[in-house]
Q: 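Before anything else, here's the structure in question.
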Amino acid sequence: MPTPISRDDVARVAQLARLTLTDDELDRFTGQLGAVLDHARDIEALDIDDVPPTAHPYPLVNVLRADEVGATLDRDEVLAQAPSAEDGRFRVPTILGQEP
Amino acid sequence: MSDPLDSARAIAAAVRSGSVSATEVLEAHLAGIAAHGDAIAAFNHVMVDEARAAAAAVDAAVARGDDPGPLAGVPIALKDNLCTRGVPTTCSSKILEGWRPPYDATVVQRVLAAGAVPVGKTNLDEFAMGSSTEHSAFGPTRNPWDLERVPGGSSGGSAAAVAAGFAPIALGSDTGGSIRQPASLCGVVGVKPTYGLVSRYGLVAFASSLDQIGPFATTVSDAADLLGVIAGHDPLDSTSIPDAAADLGPAVAAGRNGDLAGVRVGVIAELDGDGIDADVRAQLDAAARAIEDAGGHVATTSVPAVTYGLSAYYLIAPAEASSNLARYDGVRYGNRVEGATTGEMMDATRTAGFGDEVKRRIMLGTYALSAGYYDAYYGKAQRVRTLMQRDFAEAYASFDVLLAPTAPTVAFPFGAKDDPPTMYLSDVCTIPSNLAGHPAMSVPFGAGQDGLPVGVQVLAPTLGESVMFRVAAALEAAAPLVGRAPHAAPPIGGVR
């Protein structure tokens, strides 16, 4: 059974999820996530390793469509909703920590 | 003087016959929203222009002699996580404030094609994560039965809009009870269809193996009509079930006539005890007696795995949410907070854009999926999901439908469940159906001692909507009259 979630765990998870937390938030979220995970202890204790997992409630396999060109969203209409766009593309700040 | 236009069915019949225009119906509803809308705060955005254009198009079709469709001129409220082309779609989150989708959700296309008139986008807990609408970034919706109490959630705006008479029907989404629980707290009908019966194309994703769109209505037959319009295969949703449709008319008619002869109904023992308010249990008992009076057979049955539903759900749903919500990164849509690098921009955008409940669930899900914890948390929860399906299958070998409370309590005061695990208990009766992929619906059945509405829940196996609606219609016919919500707009009727 896993150990209770720690403040360091929450800080690491926040970083993975691209969220920046203040010290106060770290304290508060550590307590709250711990309380929710405490409730999970009743299923951790179940001996069900021989039960197969269910990922999806209605089994459909190999959902394919005909390989035909259909309607697509208009590029300009989509880019008009982007925070920043240029030359028909989404525009973002530098990605490698240096000026382009 | 026409008949009272107190249901979608009555409105559609009157509009199709030409005895009232869609525009008259719409203006009467817009007047109700103008007078009572601020007190309830059901809408993030009232679609006045789009609604008037849609109503005019329906009236033009009638004038031409064309049939506008089964929802002709019926005002409909849309949960604000359903994409509407060119109309703001926020999910009640700051991160999507101002976003105007470039397409309509399939369900939106279908209700418009059926002649419905979209009156507005309704408030919700941010990204549908919550049970009270208190987690909306734009403030809570108030319950038309008591303005100091929550409407439930996450589809609280849609439930309140129908209870307040702002629209006779609405669409919501249900991931762990987000249609049925607010329907129960607001005294209206709410349906979570079988997973895959209704396309989710254009529903902003929360937990993709659980999310399902469904109707709100004031009557079971209106809910059936709306489900009939939105159900059916859609190639744009790969989880859409082929060849599934919902013709529920005969089942609803049988139920309304009080005919449950031979229908076997099991009351779920695990959801009829500790943690369920006495008021709710009393109405559940009364509903069981009503089913027996209509010729149904009622017995108590056990579905042991429902005891583990909440624990499994609060690992699976956050895990899927943490993946689905990774797309809000300030690049393609929504709001951006600038940063020196793309990574800093993404961190700043997500930190400023998401509320606390969304952050909690993203972190919970990220943790449950992370190396070293996956097997203990997410993997275990998926095995519990198999147990849930097995236990339901065993119960449905002996029963056609199951009966349970929809919510453990009536509508509760704002701030009463500030602690996350306490709030999560609001969904204990509804979560099992989402984990199993089964249909379930809440039907108003009487009120508690303080006059607040109580809902009872009818559960059915995969694609068991027909018998579910039959039992629901019989319960509706037998339910004690509780009247109209005290803070509702005046009824629409005798427009001409």
Side-chain angles (χ1 to χ4, degrees), chain A residues 1-2 5 9-10 12-21 25 28-29 32-33 35-46 48-58 60 63-66 70 73-74 76-85 90-98, chain B residues 99-100 102-103 194-196 209 235 238-239 241 308 310-312 314-315 322 329-336 338-348 350-351 354 359-360 362-364 366-367 370 373 376-377 379-387 389 419-421 424 435-437 462:
Chain A
M1 188 175 293
I5 191 167
D9 289 333
V10 175
R12 181 179 60 87
V13 164
Q15 187 184 17
L16 289 172
R18 290 205 171 278
L19 298 169
T20 308
L21 302 184
E25 285 175 328
R28 184 156 48 86
F29 284 133
Q32 289 171 337
L33 298 190
V36 177
L37 289 167
D38 269 352
H39 280 261
R41 294 198 174 272
D42 60 346
I43 66 166
E44 286 173 43
L46 288 173
I48 50 173
D49 286 351
D50 57 336
V51 175
T54 294
H56 198 273
Y58 193 95
L60 293 169
V63 178
L64 303 172
R65 65 164 176 83
L73 298 176
D74 179 76
D76 292 339
E77 198 178 347
V78 170
L79 288 175
Q81 292 296 316
S84 182
F90 298 109
R91 188 174 197 280
V92 295
T94 176
I95 58 170
L96 296 175
Q98 57 191 17
Chain B
W99 180 56
R100 293 171 188 264
Y103 66 102
T194 297
Y195 184 84
S209 79
S238 65
T239 64
I241 301 174
Y308 302 110
L310 206 61
S311 301
Y314 277 99
L315 296 169
S322 72
D329 55 10
V331 174
R332 287 153 299 167
Y333 31 66
N335 290 315
R336 170 186 292 187
E338 294 300 341
T341 65
T342 292
E344 287 177 24
M345 179 275 288
M346 289 177 172
D347 287 358
R350 291 166 61 81
T351 298
F354 291 137
K359 288 177 180 172
R360 272 192 288 275
I362 289 173
M363 290 192 288
L364 195 58
T366 305
Y367 184 68
S370 63
Y373 299 101
Y377 288 125
K380 201 92 179 199
Q382 288 191 311
R383 293 176 204 280
V384 171
R385 205 166 174 180
T386 306
L387 292 185
Q389 292 194 321
D419 163 49
Y424 296 171
L435 290 171
T462 298

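By convention in this document, chain letters (A, B, ...) are assigned in the order of the sequence lines, proteins followed by strands, and residues within each chain are numbered from 1.
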Q: Give the intermediate values and the outcome of side chain to side chain contact (heavy atoms under 4.5 Å, CB included) for residues A:His39 and B:Tyr424.
A: CA-CA 11 Å; A:His39 280 261; B:Tyr424 296 171; over 6 Å; no
Q: Would you give the length of the straight line joining atom CZ of B:Arg332 to atom OG of A:Ser84, rounded to the nearest 0.5 angstrom?
A: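 If I round to the nearest 0.5 Å, the distance is 14.5 Å.
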Q: With a 4.5 angstrom heavy-atom cut-off, could you sort out which part of A:Leu60 is near chain B: side chain, backbone, both or neither?
A: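 Answer is side chain: those atoms of A:Leu60 sit under 4.5 Å from chain B.
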Q: Quick one: does A:Gln81's side chain have a donor or acceptor within less than 3.5 Å of a partner on B:Arg100's backbone?
A: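 Yes; at least one donor-acceptor contact below 3.5 Å.
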Q: Checking the side chain of B:Lys380 only, and the main-chain atoms of A:Leu46 only, is there a donor and an acceptor separated by less than 3.5 Å?
A: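 Yes: the side chain of B:Lys380 pairs with the backbone of A:Leu46.
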Q: Answer whether the closest heavy-atom distance between the side chains of A:Leu37 and B:Leu364 falls below 4.5 Å.
A: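 When only atoms from C-beta onward are counted, B:Leu364 and A:Leu37 do touch, with a gap below 4.5 Å.
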Q: Chain A: which of B:Asp419, B:Thr351, B:Leu387, B:Thr239 shares the most heavy-atom pairs with it under 4.5 Å?
A: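 Sorted descending by pairs with chain A, the first entry is B:Thr351.
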Q: With a 4.5 angstrom heavy-atom cut-off, is it the side chain or the backbone of B:Ala381 that approaches chain A, or both, or neither?
A: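 The answer is both parts of B:Ala381.
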Q: If you count heavy-atom pairs within less than 4.5 Å of chain B, which of A:Val92, A:Thr54, A:Leu64 leads?
A: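 That would be A:Thr54.
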Q: Among B:Pro102, B:Ala312, B:Ser370, which residue has the highest count of heavy-atom pairs closer than 4.5 Å to chain A?
A: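 Top count of heavy-atom pairs under 4.5 Å with chain A: B:Pro102.
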Q: Mind checking whether A:Leu33 and B:Tyr367 have side chains closer than 4.5 Å, heavy atoms only?
A: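 No; the side chains remain at least 4.5 Å from each other.
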Q: What pair of heavy atoms forms the shortest contact from A:Phe90 to B:Val331, and how long is it?
A: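 Shortest heavy-atom contact: CD2-O, 3.6 Å.
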Q: Looking at every non-hydrogen atom in both residues, tell me the closest pair between A:Ala35 and B:Pro421 and how far apart they are.
A: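 A:Ala35 and B:Pro421 have their closest heavy atoms at CB-CG, 3.8 Å.
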Q: Without swapping roles, check the side chain of B:Thr386 against the backbone of A:Pro52 for a donor-acceptor pair under 3.5 Å.
A: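 Between the backbone of A:Pro52 and the side chain of B:Thr386 there is a qualifying donor-acceptor contact (under 3.5 Å).
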Q: Would you give the length of the straight line joining atom OG of B:Ser311 to atom CG of A:Asp42, rounded to the nearest 0.5 angstrom?
A: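 Reported value, rounded in 0.5 Å steps: 3.5 Å.
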Q: With a 4.5 angstrom heavy-atom cut-off, is it the side chain or the backbone of A:Ile5 that approaches chain B, or both, or neither?
A: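 Contact with chain B is through both the backbone and side chain of A:Ile5.
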Q: Let me confirm one number: the OH-CD1 distance from A:Tyr58 to B:Ile241, rounded to the nearest 0.5 Å.
A: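 Interatomic distance, A:Tyr58 OH to B:Ile241 CD1, rounded to 0.5 Å: 4.0 Å.
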Q: To the nearest 0.5 angstrom, please state how far the CD1 atom of B:Ile362 sits from the CZ atom of A:Arg18.
A: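 Going from CD1 on B:Ile362 over to CZ on A:Arg18, the span is 13.0 Å.
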Q: So which atom in A:Glu44 and which in B:Ala376 form the shortest heavy-atom distance, rounded to 0.1 Å?
A: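 Of all heavy-atom pairs spanning A:Glu44 and B:Ala376, the closest is CG-O, 4.0 Å.
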Q: Hey, does A:Val78 have a side-chain heavy atom less than 4.5 Å from the side chain of B:Tyr333?
A: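 In short, these two side chains do not touch, never coming nearer than 4.5 Å.
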Q: Flag the pair B:Arg383 / A:Pro53 as yes when at least one side-chain heavy-atom distance between them is below 4.5 Å, and no otherwise.
A: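 Side-chain contact under 4.5 Å: yes.
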Q: Name the region of A:Arg12, side chain, backbone, both or neither, that has any atom closer than 4.5 Å to a heavy atom of chain B.
A: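 Only the side chain of A:Arg12 comes within 4.5 Å of chain B.
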Q: Kindly say whether A:Ala17 contributes a backbone atom to a donor-acceptor pair with the side chain of B:Thr366 at under 3.5 angstrom?
A: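 Not a single qualifying donor-acceptor pair exists.
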Q: Might you point out which heavy atoms bring B:Ala436 and A:Pro57 nearest each other, and give the distance in Å?
A: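 Looking at all heavy atoms of both residues, the shortest contact is O-CB, 3.7 Å.
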Q: Quick one: are the ring centres of A:His56 and B:Tyr195 less than 6.0 Å apart?
A: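 Under 6.0 Å, so yes.
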Q: Determine the option with the most heavy-atom pairs under 4.5 angstrom with chain B, choosing from A:Ala82, A:Ala80, A:Ala85.
A: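 The answer is A:Ala82.
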Q: Would you find more than 12 non-hydrogen atoms of other residues, nucleotides or ligands less than 6.0 Å from A:Gln15 atom CD?
A: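 Not more than 12 within 6.0 Å, no.
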Q: For the residue pair B:Gly330 and A:Pro83, what are the closest heavy atoms and their distance?
A: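 Smallest interatomic distance, heavy atoms only, reads O-CG, 3.3 Å.
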Q: So which part of A:Asp9 gets closer than 4.5 Å to some heavy atom of chain B, the side chain, the backbone, both or neither?
A: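 When you check distances to chain B, only side chain atoms of A:Asp9 fall under 4.5 Å.
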Q: By a 4.5 Å heavy-atom criterion (distance strictly below it), what part of A:Val13 contacts chain B: side chain, backbone, both, or neither?
A: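 The answer is both parts of A:Val13.
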Q: If you tally heavy-atom pairs under 4.5 Å against chain A, which of B:Ser322, B:Gly339, B:Ser238 wins?
A: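 Option with the greatest count: B:Ser238.
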Q: Could you state the interatomic distance from CD1 (A:Ile43) to OH (B:Tyr314), rounded to the nearest 0.5 Å?
A: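 Nearest 0.5 Å value for the CD1-OH distance: 14.0 Å.
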Q: For the candidates A:Ile48, A:Leu73, A:Val63, A:Asp74, which exhibits the highest count of non-hydrogen atom pairs separated by less than 4.5 Å from chain B?
A: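 Looking at each of A:Ile48, A:Leu73, A:Val63, A:Asp74 in turn, A:Ile48 comes out on top.
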Q: Under 4.5 Å heavy-atom distance to chain A, tell me which part of B:Met345 shows up: side chain, backbone, both or neither.
A: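 Just the side chain, heavy atoms under 4.5 Å.
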Q: Of all heavy-atom pairs between A:Ala55 and B:Ser209, which one has the smallest distance, and what is that distance?
A: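 Here A:Ala55 and B:Ser209 meet closest at O-CB, 3.4 Å.
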Q: Is a donor from one side chain sitting under 3.5 angstrom from an acceptor on the other, for A:Thr20 and B:Asp347?
A: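 Distance-only check fails for A:Thr20 and B:Asp347.
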Q: For the candidates B:Gly196, B:Gly334, B:Ala348, which exhibits the highest count of non-hydrogen atom pairs separated by less than 4.5 Å from chain A?
A: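 Most heavy-atom pairs within the cutoff with chain A belong to B:Gly334.
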Q: Return the option, out of B:Asp329, B:Val384, B:Leu310, with the maximum number of heavy-atom pairs under 4.5 Å with chain A.
A: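 Top count of heavy-atom pairs under 4.5 Å with chain A: B:Val384.
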Q: Distance from A:Arg28 atom CZ to B:Arg360 atom CZ, nearest 0.5 Å?
A: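 One gets 7.0 Å once the value is rounded to the nearest 0.5 Å.
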Q: Go through the atoms of B:Pro235 and report whether side chain, backbone, both or neither lie under 4.5 Å from a heavy atom of chain A.
A: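 Looking at B:Pro235, nothing touches chain A.
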